[in-house]
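This report refers to the structure that appears directly beneath it.
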Amino acid sequence: MMKQLLLLISLAMITAGPSVPAQTEAAPTGPAASAAVAPTAVASKPAASTAAAPVQSAAKPKKVLGYYVEYYDTDRNSYRSLFANADVITDISLVSYDAKADGSLTGSPSATGLTTARAKSVASYLLVANHGTETFDKKLVHTILNNPTASARLIDNLVAQAVKMKANGINLDFENIPADDRAKYTQLISQLSAKLHQNKKQLVVSVPAKLSDDPNETWTYAYDYRGIGAKSDFLQVMSYDEYGPWMEAGPVASYPWVDSVLHFAASQVSADKLLMGIPSYGYEWSAAGNKAVAYKAIPELVANQHAQVHWNDQLKSPYLTYQKDGVLHTLWFENEESLSAKRALADKYHLAGYGIWRLGLDDPSFWDALVR
C-alpha cells in the first residue's frame, strides 16, 4: 500500500482525491501544489457483495457535490466549471486545510470559490485533509486521534472556520488511518458533527470504497461506515481508482465494482446520506509512463492520435488504444454511456447524489450525461 501511495503522490498534478492523477493542465507550483490533493479510493477488483439489501429511501433531487481546487494562483479551472454549471452543481467542497499534530490548521479556502458559490446559491464545504510530512500522513492522523487535547482543538478550529467563512460545513478527508484507530476516528466524527450541528453546520466525510468490513484491509478498515454514517450528514464514497497507474491497466470505476461498493455502503448507511464518487478523468498506461488524463482532453487525444475507441459491455467502461513512436498506449476513461450507467446506479440505490473529483476536468457532455 505504501508503494501505491508513493506513486499516487508522484502523479499529483491532475487530480485526485487520495488517488492523485497527474495534471494535464498547467502544472501547479509552490506549497499549495503539495497540499491540493483531495479524496481518493484504493483499488479493489469487482466482486460480488455479500452485504444485506440496501436501505431504501424516498426519491428526491440529487445533490451534486463538486470538488473545487486551485493548484496555483492563476488556476481557474474549477472556477470556470462552477460558473458554467451552477444550474446543476448544488454544492462544492473547497480543498482548504491540512490538520497539524496539535490540532491547528494550515491553508485557506479559495476566496474566488466561496464568492462564486454564494453568488450562484451553491452550498460550500471546507475540506480538511491529513497531509503532513507525507501525503495522507498516517503518523499525523494517529497522533491527532490519540491526543484528546489535539482532537478538541481541531474540532474547535474547524467549527470556527466554517462559521467565519460562512460555509455550510466541513468535509473531512482523513486517509491512510491506522486500522487500530477505527473507534477513535468514529469518535472524532461524532464530536465534530455534534459541534457543527450546534452551529447549524453540516459534516461531509469522504471514505474509501470497500466491498466489506474486513479487518485485513488496512487501508479501509478504519472507516466504520455504519458508525460514521450515523453521525455525519453525508458520506462521499470514493468509488473511483478501481485501477490506476500503480497496477495493471483497467477501468477507473467499472459498473460491477461500483455496484458492489454501493451495495455494501447502502447496507450500512441510509441511502439518502450517500454520495457516489464520480471521476472526471481517466488513466493511461504505456511503456513510456503512466498518467491521468482529463475527461475534457479525451476527444482531442482521439482525433490527434487516431486512437481506436472500444467499449467493454460487461464493465460498462470505454477504453482506447493508440501507437506513438512505436509504443502502445492504453487509456481507460469515462464517457456519456458509462456516466449514464452510473446515473442509473444512483437511482437504483436511491442515493443522495454524487461527489465529483474534480471540477475543471469536465466538459458539457459530462454534465449532460450525469445530471442534465
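All of these numbers come straight from a predicted model, not from anything done at the bench. Residues: numbered from 1 along the sequence shown.
Inspection of the Tyr67 and Ser206 side chains reveals an N or O donor paired with an N or O acceptor under 3.5 Å. If you check the side chains of Tyr125 and Gln236, you find no donor sitting under 3.5 Å from an acceptor. Using modelled atom types and a 3.5 Å distance limit, the side chains of Asp259 and Trp257 yield no donor-acceptor pair. Tyr295 and Ser365 share a donor-acceptor pair across their side chains, judged by distance under 3.5 Å alone. Side-chain atoms of Asp362 and Ser280 form no donor-acceptor pair, as typed in the model, at a separation below 3.5 Å.
For the pair Tyr255/Leu315, no side-chain contact is recorded, criterion being any heavy-atom separation below 4.5 Å from C-beta on.
Between Lys342 and Val258, the shortest heavy-atom distance links the atoms CE-CG2, 4.4 Å. Of all heavy-atom pairs between Ile89 and Val122, the closest is O-CG2, 3.4 Å.
A donor-acceptor pair under 3.5 Å is formed between the side chain of Asn157 and the backbone N or O of Gly103. Side-chain N or O atoms of Ser286 include one that pairs as donor or acceptor with a backbone N or O of Gly289 at under 3.5 Å. In this structure, Ser78 contributes its side chain and Leu359 its backbone to a donor-acceptor pair below 3.5 Å.
Between Tyr319 and the options Trp332, Tyr243, Trp311, a ring pair (Phe, Tyr, Trp, His ring centres under 6.0 Å) holds for only Trp332.
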Next item on the list: Kindly indicate, with the supporting measurements, whether the criterion ring pair (Phe, Tyr, Trp, His ring centres under 6.0 Å) is fulfilled by Phe136 and His131.
Entry: CA-CA 5 Å; Phe136 296 114; His131 303 310; 4.3 Å; yes
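Aromatic ring orientation, Phe264 versus Tyr225: tilted (interplanar angle from 30° to 60°). Ring-plane geometry between Tyr283 and Trp285 is classed as perpendicular, the angle between the planes exceeding 60 degrees on a 0 to 90 degree scale with a lower cut at 30.
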